[in-house]
Trainee: 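Mind having a look at this structure? Questions to follow.
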Amino acid sequence: MIERRRFLYGTALLLGSCRRRSSPAQDGGLCEASVKAAAAVEPAAPVIKQLNARSIPWFVDALPRPPIARPQGVRPDPDAPHQTIPYFRVPMREVMAKVHRDLSPTRLWTYAGSVPGPTFETRSGRGLLVEWVNELPEKHFLPIDHHLCGAGTERAEVRTVVHVHGARVPPESDGYPENWHTPGGSAVHHYPNRQDAATLWYHDHAMGIERLNQYAGLFGTFLIRDEIEDALRLPAGEYEVPLVLCDRVFDLDGQLVYPASPNPDAPWVPEVYGDAVLANGKLFPYLEVKPRLYRFRLVNASNARFFQLTLSTGQPMHLIGTDQGFLPAPTPLQTLMLAPAERADLLVDFSASAGQTVTLKSVYDLVQFRVAPSRSAANESATLPKVLRPVPRTPAGDAVKTRFLTLSHHEVPLTHRKTLMLLNGSRWQDPVTEWPEFGTTEIWEFVNLTDDSHPIHLHLARFQILERQPFLADFYTMRGQLRFGGPPEPPLPQDAGWKDTVRVDPNFITRIIVKFDSYKGRYLWHCHVLEHAANEMMRPFEVVG
């Protein structure tokens with residue numbers, strides 16, 4: 001068993017950074033669920049000749065920039081019918097696209113023909129309407145597990161609903177997993193954009209097959225800007241680069257492979273990792289840059305992989321924003337941990353690397369930056385701002401309620417699903433247990449009883465991280481009593497801003513404080529390891545008043 005774990009650990013390092021097993025100070029390691037997944041597909045799984053990402057040339061394709069979404073006209077504003085707001089129509093289509101110079105075109109599912117989909121650029125307080133149109137085939141090309149909640153054989157194979165991750169929207173436009181539509185159908189969503197400048201993103205959220213639809217390519221970026229961002233005079237235009245990272249598995253013909261269990265009746269696996277990392281839809285691309293300051297809007301669109309990002313030169317990256325907008329001041333980082341669904345607004349200065357190459361890495365190389373030998377104009381360089389945006393801390397005393405919420409795995413013998421992953425011991429279809437009142441502030445304590453790190457996402461609301469505190473999970477599991485393993489740990493500097501996704505590490509209680517002041521209605525919270533969310537690690541909550 002020890003030798004097997006060593007082999008699996010080495011495999012994890014080869015494939016890239018795995019999710020953390022315990023405290024933020026630890027690096028690498030293979031989580032228990034990954035061991036289970038590897039064991040599940042080991043001897044009996046169908047043999048698919050998979051592409052070895054190290055066998056293809058790296059840095060032979062230029063990094064694409066996703067197209068900018070353009071409105072098709074205007075429509076009445078749902079919040080003010082006598083006024084109009086931009087209207088966008090975005091079709092979801094299957095395309096064949098080149099992800100690498102030496103590979104055959106890959107079948108992908110796209111928004112408006114590109115992976116990532118078109119980038120939305122909008123202003124705070126300026127609403128817009130998007131009609132999301134399902135023009136996909138009627139048959140899925142990835143393995144559906146019909147035993148997962150919401151994915152039964154009585155439903156159409158191909159279903160989609162779009163969630164703008166991090167958007168404060170009315171419930172009917174949030175992308176609730178059960179509000180899907182089939183090929184030939186569409187839905188119009190209203191995005192009021194009444195929130196601070198931030199890097200948001202959009203992706204599919206259809207119940208039971210979200211993990212497959214996103215893996216197929218259904219994701220894109222959604223940028224909100226405001227006057228505070230304008231005043232900072234940050235790098236813009238060609239010097240501002242959306243950068244969407246995700247890992248995938250390909251076969252020798254360049255087609256996507258979604259790993260499955262050896263049971264064709266129940267193909268779900270606990271997590272999916274690939275050795276091929278796409279950046280804006282290209283495998284290991286390069287970007288030609290000038291020796292000056294650049295801004296990168298990073299999104300981790302992986303199903304399960306946590307990236308640990310560094311630069312090959314060892315220079316710091318300056319983090320200026322996270323999920324829900326700017327930090328109070330730039331934070332220099334040698335390594336940036338980015339969990340699935342998290343975003344990072346980064347400034348990187350290439351001034352000291354004129355004429356050289358700099359590589360963005362996570363265990364191995366991801367993107368190569370080819371720095372020009374000299375500036376073409378003396379005034380091209382932007383400067384690193386000293387302050388960004390005030391982020392007043394929400395006092396814990398403002399909370400009217402504290403919720404104790406467990407994250408747990410449960411073995412279910414003699415079923416198609418041998419393991420259930422639950423939030424607060426409940427399944428998706430169980431009655432709602434979280435009923436926050438509109439306008440009130442609550443503390444949510446996430447108590448991780450598993451061996452995995454889980455990126456927990458709350459729809460609708462932004463929050464702040466209060467602290468993380470180690471506890472003895474086994475003691476709690478056996479006796480139902482809480483025993484701490486140390487004092488509370490304050491949030492890391494990169495967690496000092498507003499968040500909508502938080503990394504909840506094993507053997508830790510992670511406390512957040514959140515105010516429900518946007519809309520009333522039903523929303524959800526879930527783990528953003530997509531295979532976990534598909535296996536019941538997703539729960540509704542309802543804001544009432």
Side-chain angles (χ1 to χ4, degrees), residues 8-35 53-54 58 199 243-248 271-280 283-285 296-323 327 331-348 358-369 448 451-456 465 468 489 491-496 499 501-508 510 527-530:
L8 291 171
Y9 177 72
T11 302
L13 291 181
L14 177 66
L15 296 182
S17 50
C18 184
R19 294 178 299 107
R20 298 197 178 192
R21 299 192 61 186
S22 53
S23 73
Q26 289 185 301
D27 241 1
L30 193 68
C31 50
E32 178 186 17
S34 299
V35 174
R54 293 179 175 268
W58 291 7
T199 307
L243 188 56
V244 184
L245 302 174
C246 60
D247 63 327
R248 296 291 186 264
E271 286 138 12
V272 169
Y273 298 103
D275 66 338
V277 177
L278 294 165
N280 290 358
L283 288 174
F284 312 108
F296 294 96
R297 314 295 289 269
L298 265 71
V299 178
N300 184 352
S302 300
N303 280 37
R305 182 170 302 285
F306 284 46
F307 289 107
Q308 300 183 64
L309 301 172
T310 61
L311 294 174
S312 59
T313 54
Q315 70 187 80
M317 305 168 283
H318 286 86
L319 184 68
I320 61 171
T322 55
D323 302 340
L327 297 174
T331 299
L333 297 173
Q334 297 294 135
T335 302
L336 170 65
M337 168 69 79
L338 202 62
E342 283 189 312
R343 285 88 70 206
D345 198 344
L346 282 180
L347 294 181
V348 177
V358 179
T359 307
L360 181 69
K361 306 165 67 72
S362 179
V363 178
Y364 57 72
D365 297 347
L366 303 180
V367 180
Q368 183 188 75
F369 302 109
N448 191 351
D451 290 332
D452 300 340
S453 279
H454 299 277
I456 298 297
I465 300 172
R468 293 179 172 94
E489 300 175 3
L492 299 170
Q494 57 263 40
D495 290 334
K499 299 277 290 173
T501 306
V502 60
R503 190 192 71 249
V504 178
D505 290 322
N507 302 303
F508 274 80
T510 301
C527 177
H528 224 285
V529 173
L530 300 184

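Residue numbers run from 1 in the order of the sequence given.
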Trainee: What's the spacing between Leu245 CG and Arg305 CZ if we round to 0.5 Å?
Mentor: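 Between Leu245 CG and Arg305 CZ, I get 11.5 Å after rounding to 0.5 Å.
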Trainee: Quick one: pull up CG in Asp505 and CD in Glu489 and give me the separation to the nearest 0.5 Å.
Mentor: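 Between Asp505 CG and Glu489 CD, I get 9.5 Å after rounding to 0.5 Å.
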Trainee: Can you classify the ring geometry of Trp58 versus Phe284 as parallel (below 30°), tilted (30 to 60°) or perpendicular (above 60°)?
Mentor: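 The arrangement is parallel - the two ring planes meet at less than 30°.
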Trainee: What heavy-atom pair brings Asp275 and Ala53 nearest, and what distance separates the two atoms?
Mentor: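 Heavy atoms only, the tightest pair is OD2-N, 3.0 Å.
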Trainee: Taking it one step at a time, do Met317 and Phe296 satisfy side chain to side chain contact (heavy atoms under 4.5 Å, CB included)?
Mentor: CA-CA 10 Å; Met317 305 168 283; Phe296 294 96; over 6 Å; no
Trainee: Taking all non-hydrogen atoms of both residues into account, name the closest pair between Gly314 and Gln334 and its distance.
Mentor: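 Here Gly314 and Gln334 meet closest at O-NE2, 2.5 Å.
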Trainee: Are the side chain of Ser362 and the backbone of Gln308 linked by a donor-acceptor contact shorter than 3.5 Å?
Mentor: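 Looks like yes, one N/O pair under 3.5 Å.
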Trainee: With side chain to side chain contact (heavy atoms under 4.5 Å, CB included) as the test, would you mind laying out the steps for Asn448 and Thr510 before giving the verdict?
Mentor: CA-CA 8 Å; Asn448 191 351; Thr510 301; over 6 Å; no
Trainee: Do you know which of Leu347, Val348, Leu346 makes side chain to side chain contact (heavy atoms under 4.5 Å, CB included) with His318?
Mentor: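 Option passing the side chain to side chain contact (heavy atoms under 4.5 Å, CB included) with His318: Leu347.
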Trainee: Return the set of residues passing salt bridge (charged side-chain N to carboxylate O under 4.0 Å, His left out) with Arg248 (not counting sequence neighbours), or none when no residue passes.
Mentor: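 Partners of Arg248 by the salt bridge (charged side-chain N to carboxylate O under 4.0 Å, His left out) criterion come out as none, since no residue qualifies.
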Trainee: From Leu360 CG over to Leu243 CG, what is the distance, rounded to the nearest 0.5 angstrom?
Mentor: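 Leu360 atom CG to Leu243 atom CG measures 6.5 Å (nearest 0.5 Å).
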Trainee: Using 0.5 Å steps for rounding, measure from the CZ atom of Arg54 to the OH atom of Tyr364.
Mentor: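 With rounding to 0.5 Å, CZ (Arg54) is 7.0 Å from OH (Tyr364).
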Trainee: Run the side chain to side chain contact (heavy atoms under 4.5 Å, CB included) test on Thr335 and Leu309 for me, step by step, so that the C-alpha distance in whole Å, both residues' side-chain angles and the decisive distance to 0.1 Å come before the verdict.
Mentor: CA-CA 5 Å; Thr335 302; Leu309 301 172; over 6 Å; no
Trainee: Grab the two heavy atoms, one from Ala344 and one from Leu338, that are nearest each other, plus how far apart they are.
Mentor: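 Heavy-atom minimum between the residues: CB-CD1, 4.0 Å.
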Trainee: Can you tell me if Asn280 uses its side chain to pair, donor with acceptor, with the backbone of Val244 under 3.5 Å?
Mentor: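 Yes; at least one donor-acceptor contact below 3.5 Å.
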Trainee: Tell me, please, which residues at least two apart from Thr501 pass side-chain contact (heavy atoms from CB on, under 4.5 Å).
Mentor: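 Only His165, Asp323, Ala341, Glu342, Arg343, Pro455, His457 meet the side-chain contact (heavy atoms from CB on, under 4.5 Å) criterion with Thr501.
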Trainee: Quick one: closest heavy-atom pair of Leu333 and Leu336, and the distance?
Mentor: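 Heavy atoms only, the tightest pair is CD1-CD1, 3.8 Å.
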Trainee: Working to the nearest 0.5 Å, report the span between CD of Gln494 and CD1 of Ile465.
Mentor: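 So the gap between those two atoms works out to 9.0 Å.
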Trainee: Of all heavy-atom pairs between Ser302 and Phe307, which one has the smallest distance, and what is that distance?
Mentor: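 Looking at all heavy atoms of both residues, the shortest contact is OG-CE1, 3.4 Å.
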Trainee: Apply the test side chain to side chain contact (heavy atoms under 4.5 Å, CB included) to residues Asp345 and Arg297: give CA-CA distance (whole Å), side-chain angles for both, the deciding distance (0.1 Å), then the verdict.
Mentor: CA-CA 5 Å; Asp345 198 344; Arg297 314 295 289 269; 3.4 Å; yes
Trainee: Does Ser312 use its side chain to pair, donor to acceptor, with the backbone of Thr359 at less than 3.5 Å?
Mentor: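 Yes.
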Trainee: Do you know which two heavy atoms are closest between Tyr273 and Asp247, and how far apart they sit?
Mentor: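 The pair with the smallest heavy-atom distance is CA-OD2, 3.4 Å.
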Trainee: Taking atom CD of Gln315 and atom OG1 of Thr310, what is their separation to the nearest 0.5 Å?
Mentor: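 With rounding to 0.5 Å, CD (Gln315) is 10.5 Å from OG1 (Thr310).
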Trainee: Is there a donor-acceptor pair under 3.5 Å between the side chain of Asn300 and the backbone N or O of Ala339?
Mentor: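 Present.
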